[in-house]
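What follows is one structure encoded as structure tokens, with my remarks underneath.
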Amino acid sequence: MSLKLVSIKDVPKSRLRKFDSGTEVLNEFLSRYSLKNDALGIGKTFVAFDGNEDVAGYFTLATAQVVYEDIPDEYRGKLPRYPIPSLRIARLAVAKNLQGKGIGKWLLAQAFLKIVHVAEITGLYFIIVDAKETSKSFYERYGFIKFNDKELSYFLPVETVRKAVEG
């Protein structure tokens, strides 16, 4: 399947309303809040289209910080004891009728490429995600690690992703 990724601002609202991931909160975010968040600079959403020009999925990126105490001991290393700059994959969803076809993996790879680019021009140490119960195994499969005392919050060092992208 051939996919094309575009910025949310290049997508007609009518296409956004038709998207169905099977999870209402993710559908509602895309159709009601993603454009406004993009315009305000709160989160940047990128939409994937399939060959039929239907929305195949999307992801949203937003800046964040990680509190030092939440980081597992083995990842603290030489980190300072103040909040660590991070980028959050705030949303990631695939159309219900296309799930299980590798689109989530493709979207995650596209997010990683953008995150590595951002890390070249600003301080950025972690990629973080707050998973749903239904998506935690997806993130674990790609190496995301649980934060201390946070059941569904995960992270990956940007350096790990940079090596994978450049390797």
Side-chain angles (χ1 to χ4, degrees), residues 3-11 13 15-17 19 21-49 55-72 75 79-80 82-95 103-162 164-165:
L3 296 171
K4 172 177 68 172
L5 190 70
V6 299
S7 169
I8 190 73
K9 58 187 161 223
D10 297 326
V11 181
K13 282 187 180 184
R15 300 237 182 199
L16 301 178
R17 286 192 284 271
F19 179 74
S21 67
T23 303
E24 190 52 41
V25 67
L26 293 171
N27 301 341
E28 183 179 27
F29 174 81
L30 184 65
S31 66
R32 293 188 63 196
Y33 302 109
S34 59
L35 279 164
K36 185 172 185 175
N37 284 2
D38 189 89
L40 292 171
I42 293 170
K44 296 296 180 177
T45 298
F46 299 89
V47 178
F49 285 98
V55 175
Y58 75 93
F59 64 87
T60 302
L61 301 175
T63 59
Q65 293 182 329
V66 174
V67 178
Y68 180 81
E69 290 74 22
D70 288 346
I71 303 166
Y75 292 93
L79 293 176
Y82 50 78
I84 306 301
S86 305
L87 204 76
R88 179 183 307 276
I89 299 174
R91 304 274 191 289
L92 191 149
V94 175
I103 294 171
K105 177 181 178 180
W106 186 85
L107 287 168
L108 188 61
Q110 297 304 305
F112 283 169
L113 290 171
K114 291 189 178 305
I115 291 166
V116 167
H117 178 71
V118 170
E120 294 298 321
I121 57 174
T122 188
L124 190 59
Y125 195 82
F126 287 126
I127 301 165
I128 60 177
V129 64
D130 295 318
K132 306 280 184 265
E133 187 64 42
T134 55
S135 64
K136 71 180 190 175
S137 65
F138 172 81
Y139 291 107
E140 289 170 352
R141 185 176 330 128
Y142 294 105
F144 280 82
I145 303 145
K146 281 186 189 178
F147 279 111
N148 288 340
D149 302 322
K150 306 231 184 235
E151 186 59 31
L152 295 174
S153 292
Y154 293 85
F155 73 94
L156 256 178
V158 169
E159 192 57 31
T160 299
V161 173
R162 182 189 334 270
V165 167

>> For K132 and V25: C-alpha separation, side-chain torsions, deciding distance, then whether side-chain contact (heavy atoms from CB on, under 4.5 Å) applies.
In response: CA-CA 11 Å; K132 306 280 184 265; V25 67; 4.2 Å; yes

> Closest approach of L107 and A93, non-hydrogen atoms and distance?
Replying inline: CD1-O, 3.5 Å

>> Donor-acceptor pair, distance only, cut-off 3.5 Å: does the side chain of T60 make one with the backbone of Y58?
In response: no

>> Please enumerate all residues that pass salt bridge (charged side-chain N to carboxylate O under 4.0 Å, His left out) together with E140, with sequence neighbours excluded.
In response: none

> Within a strict 4.5 Å, meaning less than it, do heavy atoms of the V161 and L156 side chains meet?
Replying inline: yes

>> With rounding to the nearest 0.5 angstrom, report the CG to CZ distance, N37 to R91.
In response: 8.0 Å

>> Just to verify, what does S153 make a side-chain contact (heavy atoms from CB on, under 4.5 Å) with, not counting sequence neighbours?
In response: D130, F147, K150

>> How close do V165 and V116 get, counting heavy atoms only, and between which atoms?
In response: CG2-CG2, 4.2 Å

> Do any N or O atoms from the side chain of S31 and from the backbone of N27 form a donor-acceptor pair under 3.5 angstrom?
Replying inline: yes

>> With a 3.5 Å distance limit and no angle check, can you tell me whether Y154 reaches the backbone of G143 through a side-chain donor-acceptor pair?
In response: no

> Among all residues two or more places apart in sequence or in another chain, which pass the salt bridge (charged side-chain N to carboxylate O under 4.0 Å, His left out) test with K136?
Replying inline: E133, E151

>> In the structure I gave you, are the side-chain heavy atoms of L79 and I71 within less than 4.5 Å of one another anywhere?
In response: yes

>> If you compare all heavy atoms of S7 against all heavy atoms of V11, which two are closest, and at what distance to 0.1 Å?
In response: O-CG2, 3.6 Å

>> By the ring-ring contact (aromatic ring centres under 6.0 Å, His included) test, which pairs, at least two apart or in different chains, include something from residues 21-46?
In response: F46-F59

> Under the ring-ring contact (aromatic ring centres under 6.0 Å, His included) rule, what pairs show up with a residue in residues 115-140, not counting sequence neighbours?
Replying inline: F126-F155, F138-Y142, Y139-F144

>> How close do V55 and A95 get, counting heavy atoms only, and between which atoms?
In response: O-CB, 3.7 Å

> Residues in salt bridge (charged side-chain N to carboxylate O under 4.0 Å, His left out) with E24, at least two apart?
Replying inline: none

> Which distance, rounded to the nearest 0.5 Å, do you find between the CG of L61 and the CZ of R88?
Replying inline: 11.5 Å

